[in-house]
Protein chains: 2
Amino acid sequence: MTAMAQAQGRVEEVMRQLEKALLEGSLPPGSRLPSERVLAEQYEVSRNTVREAVQRLAARGLVRSRPGAGVYVTDQLRTGIASPWGQLVADHPALRDDILEFRRVLEGATAYFAAMRADDEDVERIGALMDQLEQARRDEDMAAEAAADAKLHEAIALASHNSMFLHLHASIIGMLREHITLNGTGMRRQDEKVSAQLLEQHRVVCDAIRARRPEEARTAMQSHIDYVRSQVDGNGKE
Amino acid sequence: MTAMAQAQGRVEEVMRQLEKALLEGSLPPGSRLPSERVLAEQYEVSRNTVREAVQRLAARGLVRSRPGAGVYVTDQLRTGIASPWGQLVADHPALRDDILEFRRVLEGATAYFAAMRADDEDVERIGALMDQLEQARRDEDMAAEAAADAKLHEAIALASHNSMFLHLHASIIGMLREHITLNGTGMRRQDEKVSAQLLEQHRVVCDAIRARRPEEARTAMQSHIDYVRSQVDGNGKE
DNA sequence: GGCACAAATTGGTAGGACCAGTCGGTGTAC
DNA sequence: GTACACCGACTGGTCCTACCAATTTGTGCC
């Protein structure tokens, strides 16, 4: 008669118990879980069931198991673990190429329509962000530079006056950002030349938009993405 | 360093294989996975290992298992992208123009990459669907024609060999079709000439893909979308 | 044709076993 | 006393077999 209708199975139940222990702090980050055999006896289930529950937690990044050593609680604060895509991008490098390829098309078209339909307000906003980007570049403030970069692309998407491009841009970029954060990579680190080139590319794109030259804007944006792609490809493992 | 503790075990490996199948579309949303026993034999691992891999996928919401029935693929990947969209489109018909515009870009690029990367299997599938479409046309079976049309576009997306195009296509186009159906499809019905033209357009696109001419495929597809757009715009209904 | 029953299939769970690492303790050599 | 090598207990990873409960599907009766 307990209100808790344990969904379907013992695996769920064990998982919830473990989650509860994690949340309550009885299993603080870094600590080791009791061995699977102990847990199995403790919860009065088979080790198989315990293992499957642990696998589910591991899939969400809550714990990490080291063969021969034990299962350890990870730092919960760290993993954002958002959409199913995040993990997939991390696991399948090939998918990253797919995304970049798609992004080339998407952002190219976005720039195209931005150049075609940007109103005065859009142009002003884009101009301001370009100034901001240049300023950050001069200050060698990487964080500010990245932020301005993101905002600039968003402003361009906004200027396209097509909600599909705007929102899709947001999700795709978010996806990539997730991946970059996960992998800790990031290309533009300290490389001044790269940074300068990126700035120049942005300038070309924005100029084309301001001059209302769609084709030019698209080409420039695609070149920009190509450059990004080459940089990302370059510093990767393997 | 970035060695990325890869494949510590068979569970990881099986999970990646399944993920790959999900991304590539060989396991489309709604479909049922082979039984665990079959998968175990297929990957040459124990059923236990397969189960743990499935549990990890289930933890991320990519699949859902129903006792006695089987394991089914969810549409998390698609809704993950187009999440905010279903409602918006339903509420704001104005977005339809945005979607069509986006679709022109998306499907154009999809056809482009399909022409570039279609393998023999893809070509064969596309050819079969073209035949199917012609047959439906001859029979004047509107329902079959629409179904074959949808399948054909999906096959092209599959042939692009890019997960992003595949899944985006499925979600966006599906959404759009739903909307069109809602609005009283119109267009191709009763008008024999329209139907004939659409068939011809599809033929041009498919021929370009089969002949491996990307640019031509893109142009043809965009012309096709333009035509669809003009027809939809034309026949009023708000 | 429709419906009830039986058989095959499927995921869920159990409990056993073995392997390859890791960890801890012990004993020996220095 | 310390440092090192070694060995055994422990742990997760994998495999196996078996059984259960639910579903699906096939069958035959009505």
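Chain naming here is simple, since letters A, B, ... match the order of the sequence lines and numbering starts at 1 in each.
- Rounding to whole angstrom units, CD of residue B/E13 and P of D/dC15 are separated by 12 Å.
- When rounded to the nearest whole Å, the span between CG of A/L33 and P of D/dG12 equals 8 Å.
- Within residues 50-65 of chain B, no residue has any heavy atom under 4.0 Å from DNA chain D.
- When the salt bridge (Lys or Arg N to Asp or Glu O under 4.0 Å) test is applied to B/R10, no partner is found at least two apart in sequence or on another chain.
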Contact string for nucleotides 14-24 of chain C, one letter per nucleotide 5' to 3', B = base within protein heavy-atom range under 4.0 Å, S = sugar-phosphate only, - = neither, reads BB-BB--BSS-
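- Counting heavy atoms from C-beta outward, A/L198 and A/V228 have side chains that approach closer than 4.5 Å.
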Would you tabulate the side-chain donor-acceptor contacts of residues 31-38 of chain A under 3.5 Å, counting partners in other chains and residues two or more places apart, or write 'none'?
| unit_1 | atom_1 | unit_2 | atom_2 | d |
| --- | --- | --- | --- | --- |
| A/S31 | OG | A/P28 | O | 2.6 |
| A/S35 | OG | A/V38 | N | 3.2 |
| A/E36 | OE1 | A/R47 | NH1 | 2.7 |
| A/E36 | OE1 | A/R51 | NH1 | 3.3 |
| A/E36 | OE2 | A/R51 | NH1 | 3.0 |

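- Counting only residues at least two apart or in different chains, ring pair (Phe, Tyr, Trp, His ring centres under 6.0 Å) contacts with residues 50-76 of chain B are absent.
- Using a 30° and 60° split on the angle between ring planes, B/F165 and A/F102 fall in the perpendicular class, above 60°.
- B/D98 pairs by the side chain to side chain donor-acceptor pair (under 3.5 Å) definition with A/S163, not counting sequence neighbours.
- For the pair A/M164/B/E101, no side-chain contact is recorded, criterion being any heavy-atom separation below 4.5 Å from C-beta on.
- Side-chain polar atoms of B/E107 and B/H153 form a donor-acceptor pair below 3.5 angstrom.
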